[in-house]
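This report refers to the structure that appears directly beneath it.
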Amino acid sequence: MTDTAADTVRGGGLELRLRPAAASVPLDRVVFADVELVATGGPATVSARLNLVEGDLEIEVAGAGRTPVRATWPWPVDSAPRSVDLPAGGRLVAAVPLISSGSVPLFAAPGRYELTARFAARRGESVAARPVALVRTAPDDAALAARLGDRDVLQSLLGAGVIGAAAPSLELLAASADAGTAAAANLALGRTGVLADAAADPAVVRAVAALLPPGATGQDDRRDAVASRVTAQAAARDAAALTGRPLAE
Amino acid sequence: MDHDCGCGNEAPAAHHTGHGTGHHTAPLTFDADGQLVVGPVIRPELLTRPCPIGTLDGSWLLELERRTVFGPEVRGAMRIEVGNSSLRVSGDMYSRRVFPPVLEPRLPIPSPFPIPDPGPLAGAVAGGVRPVAGGPDADTVEHGAEAGEAGAAGDDAAALAFPLLGFRWYPAFPTSEYSWYFRSNGATYAGGTLTVQIVRHLWNRSTQEFVSTDTGTLTLRCRRPLVVAAAATVLGPSQQMTGTLSIGGTVTDVTARKTSPMYRGCRIEVDAMVNRVFPASATIGSGATATVRSVYATAGWDVTVVTDEINVPNDADLTNAELATLMTGHRQAVPGEGWRLWLFVGSSQGGLFGIMFDDDTVPREGAAGFADVRLGNDSFIAAAARGRPLDEVPAAFLRTLVHEAGHAFNLWHPKHDVHNPGIGIEIMNQTGDVMGFATAANPYPGNAGFVFSDHDRTSLIHSPDPQVRPGWKNFGWGHGDLSAGLPAPVDVAGLGGDTGDEGLELTVAMPAQAFVGEYVTAEVALTNVSDQPRTVTTLINLSEGDLVFLHTPPDHSLQHLVDVAIGCGPRPTVVLQPGESVRNHVQVFFTNQGVTFTEPGRHTVAAQLEVDPLTTVRSAPVTVDVRGPASDAEVDISAKTLTPGVGRAMALGDFATDVSARAVLTDLAEQHSDTDTGAAGALVLANALTRTFSDVRAQDVRAAAPDEAAHFLDLALSGRSAQRAAELAVTVASPTEKDAPVVAGTIAALKPRAKGGARSAAGKDFAAAQRVAADFTEPQGR
């Protein structure tokens, strides 16, 4: 069953929720999704590694007639476990980029895809999210979509820095009408001021949180600059995604 | 074992030339002391006998003889892995046209890795971890010992202490010349002749992928001198095989020259950021000393570590782009085709311990470990390591660096590997997962295994060059999303995978993971896979002597597991028609060895069954990854089931007169009946309380308590499928008690569930439960 509104699966007092930022995204834009782990059964101590970098979170992408692939970071890493205490009803929130499987584009062609997330929330316990649908439509700008498939560009976006010969493509992406795509490119290009000025846009915050996941990446001026602008109570979720701190009920 | 008796009686039959053709008929002459006179009388190099099988173990340069002077030059690396009960062969062949044509085949120039001067970080003398296991014969032991010395003596000291090690080399050729990969698909070795059925995978140089396969036969003859000088036992020109390769409709003469008793080699250059420490050696949990070289030697790899720069300018936080730039700027230029890797000791990248950062168009050439990141303060981390920067905990940092280098050789985290090898404590598990097996009593990094899993070891030795060699195919080609890779070579016939009887198949199924104290059961099945009826035992249980479990805990000791109570009697049999099986469920929680899974880490269990007086069959081993209890509930369950007396009660299906065990079982059942362990406790109580129990020693009788028994039976069945409830019931009942009340009681209590009819889901579930019970009480083939 696929339903973007009913996107949770209960398990052991925890729920994992996956929700793409948009139900339909052209191929010349970067896809981001929100992920939440909710303590539905009472207080819980869970892994804080709710990101794609460290491997506890897996998102499988299945397209019609295609072999399912996993959204993965290009570079395998080693790290220690980190945990966080969730109060009853509390949430650990994060954002993830759905860009690549390793260094290969995650979405090969326009079409309807089914996304399934699974998170190793505690030792020996994984929680799965209900599958959700995502439609990738034909690109508005085919040339830009092609650049998004370039290895250096993918790695630059995910590495939040310019790798190889990606700079010209990143400049074009930074001019995208899509705030998330532009933010991802500006992040790689190191334009802290541009990001901070746009911090009121949830799409920008989501992109920064997804590409500089707290804990997996170290202190970063770009993330700090965006976080410093996200102070209003209405943006509590954004602040939580940037800091890794859990949200109360 | 092949002995050189020196008596001369066998010699005439073994007089072959080095190429195995013709016969040498020179008489043997002995002196007054009976010693063979060597010298002008005979030419001992012409007196040969078959090589012991262990001689084959290692790396070989395989060359195909050119059919014409215009033909391509075809040569490559062949790896022969001789284990205690296995022999596997794989190879990677490269070809090129040689212009102008030469009349004689070009002999390759051996190109050993340059033995480096000890670097500024070297000097620690390592010891301990023993590399490549030797074969069963004297020669292989000798080579194994030699390799062991190399691994134990430290990276550079080894070459200095054993100059002959400089002769070791590993055939490597330009990637542009790659032509095909081959692996064994069965082999025999008899009388000095190795015959390998090979599967060849042809490489498309344009697409850089394997495109097609064919099969053939590689035959190699290995002879060695009857009289062997001590120096000749080390690698030398005598270690050569000749033979033929029959494939693609042609037969080609081939020559194989041994290049090393190990399988593959790589030069690892280590550069370090200023004030960060590379762990040249580390004391590991076993008390042994490990190095990068010694850990890779356990997988048959000959790694040369060269410590180069130790003053790379400081940068507190490193991005992948910066790491790539550092590799470009600091990696040494090394000529030749030898495999090499750049390993960087850097500062930090967030909370990461390490990363294989290089996945560009020439990928997997660099990896990094981060010295500044600190270990946590958890109780499962050794007290001396808590809160320390990684480079102040040498064992932990060494593990991470070896792990990251493993990614550069295209190994994946087990939990992400498409082959699902299972998590454990071996090198390629993420540190977080290894910590999952640590306890306060056995903390990290002491609990970490400084070895590669069998899956990764096989990949390191036998996977194709494009997959393993740094700088070739991208990360994920072979274990990940890019491809699952090619199948591993198959063992030589009769050595590996010997099940004892080809017509019968024994299987054992167990959960892949468990926590310490969890009630674990197994399903054992014996299947007639022949086309003839077979008469077999029905005693598929651990109580009556026919079945035994061979258990290997993480310390690699071997335990034979049987029940705590053994019954003796005639062996009932059943005739299995072709395709039929006889099966049963047994508990593995508590046996004659006590609680089976008390030690976190990787365990293996294989079943061995005496089918009849002349036939014993064995199953393939299954792996059980055991971890410490994680949740509060698991901790409580573990505390209860590990209480003295409880395990024995669960194994016997009765607490007898142990009132303490009864109390604990009652708490276990009342508080945790939602788990199989709690349900098993409830079933033990239901079984025991249904009947009276006579305490002969105390001349007392424990009265039955049917109401309590019914209560506990209800607890066990509630929220559980009929089939699973029956499986638990038959495992808590003693196999020697076919009329154990818990089995009949369970089936009777489950029967109302089948009211919906045999075709309903509940009806099918009940029917499955009945079969489980029948397998216990009256085993039959089906």
Side-chain angles (χ1 to χ4, degrees), chain A residues 12-13 44-45 47-49 51 53-56 58 60-61 67-83 100-104 106 120 122-126 151-152 154-156 158-164 166 188 190 212-221 244, chain B residues 316-324 348-361 363 367 369-370 373-376 378 381 390 399-400 403-404 406-407 411-413 415-416 429-433 435-436 444 474-477 480-482 513-515 625 627-631 634:
Chain A
T45 300
S47 169
R49 306 197 310 180
N51 60 67
V53 177
E54 294 173 280
D56 283 357
E58 296 179 6
E60 189 172 89
V61 176
T67 302
V69 294
R70 281 195 302 234
T72 58
W73 224 250
W75 311 283
V77 306
D78 188 29
S79 63
R82 295 192 312 279
S83 60
S100 72
S101 178
S103 295
V104 178
L106 188 59
R122 291 186 284 230
R123 276 196 291 168
E125 181 179 349
S126 287
R151 177 188 303 269
D152 283 353
L154 291 177
Q155 292 191 354
S156 295
L158 293 169
V162 179
I163 290 177
L212 293 174
T217 55
Q219 185 275 330
D220 192 290
D221 292 342
Chain B
D317 195 58
L318 292 162
T319 66
N320 289 338
E322 289 168 335
L323 286 168
S348 71
Q349 187 177 110
L352 305 185
F353 285 172
I355 190 168
M356 197 289 288
F357 60 86
D358 186 23
D359 196 43
D360 58 15
T361 53
F370 299 115
V373 65
R374 292 177 182 269
L375 290 164
D378 309 272
I381 293 175
L390 202 51
R399 203 200 90 81
T400 287
H403 172 103
E404 298 306 335
H407 286 314
L411 299 179
W412 271 47
H413 298 143
K415 66 183 179 184
H416 300 136
N429 289 278
Q430 280 184 308
T431 296
D433 290 323
M435 287 178 173
Y444 184 83
N474 280 97
F475 179 68
W477 197 87
D481 291 334
L482 298 184
Q513 295 188 24
F515 63 88
D625 287 319
R627 58 177 172 80
S631 64
E634 288 181 357

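In what follows, chains carry the letters A, B, and so on, assigned in the order in which the sequence lines appear, proteins first and then strands, with residues in each chain numbered from 1.
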Against chain A, label [X] side chain, backbone, both or neither, depending on which of its atoms sit under 4.5 Å from a heavy atom there.
{"X": "B/E404", "answer": "side chain"}
{"X": "B/T431", "answer": "both"}
{"X": "B/R399", "answer": "side chain"}
{"X": "B/D358", "answer": "backbone"}
{"X": "B/H403", "answer": "side chain"}

Tell me if a side-chain donor or acceptor on [X] pairs with a main-chain N or O of [Y] at a distance below 3.5 Å.
{"X": "B/H407", "Y": "A/V77", "result": "no"}
{"X": "A/R151", "Y": "B/D359", "result": "yes"}
{"X": "A/R82", "Y": "B/G351", "result": "no"}

Out of [options], return the one with the most heavy atom pairs under 4.5 angstrom to chain B.
{"options": "A/A160, A/G159, A/P213, A/G55", "result": "A/G55"}
{"options": "A/G218, A/A44, A/P76", "result": "A/P76"}
{"options": "A/P74, A/S79, A/G215", "result": "A/S79"}

Out of [options], which one racks up the most heavy-atom pairs below 4.5 Å with chain A?
{"options": "B/R627, B/Q349, B/Q513", "result": "B/R627"}
{"options": "B/G432, B/A324, B/A316", "result": "B/G432"}
{"options": "B/A321, B/S631, B/P363", "result": "B/A321"}
{"options": "B/H413, B/H416, B/E322, B/E634", "result": "B/H416"}

Contact origin within [X] toward chain B - heavy atom pairs under 4.5 Å:
{"X": "A/E58", "result": "side chain"}
{"X": "A/S103", "result": "both"}
{"X": "A/R49", "result": "side chain"}

To the nearest 0.5 Å, tell me how far [X] [atom1] sits from [Y] [atom2].
{"X": "A/T72", "Y": "B/W412", "atom1": "OG1", "atom2": "CH2", "result": "5.5 Å"}
{"X": "B/D433", "Y": "A/D56", "atom1": "CG", "atom2": "CG", "result": "7.5 Å"}
{"X": "B/N320", "Y": "A/L158", "atom1": "CG", "atom2": "CG", "result": "10.0 Å"}
{"X": "B/T361", "Y": "A/D152", "atom1": "OG1", "atom2": "CG", "result": "7.5 Å"}

Nearest heavy-atom pair of [X] and [Y]: which atoms, and what distance?
{"X": "A/Q155", "Y": "B/D360", "result": "NE2-N, 4.3 Å"}
{"X": "A/R123", "Y": "B/G436", "result": "NH1-O, 2.6 Å"}
{"X": "B/M356", "Y": "A/W75", "result": "O-CB, 3.3 Å"}

message: Do A/E54 and B/L352 have side chains that approach each other closer than 4.5 Å (heavy atoms only, starting at C-beta)?
response: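 Yes, their side chains come closer than 4.5 Å.
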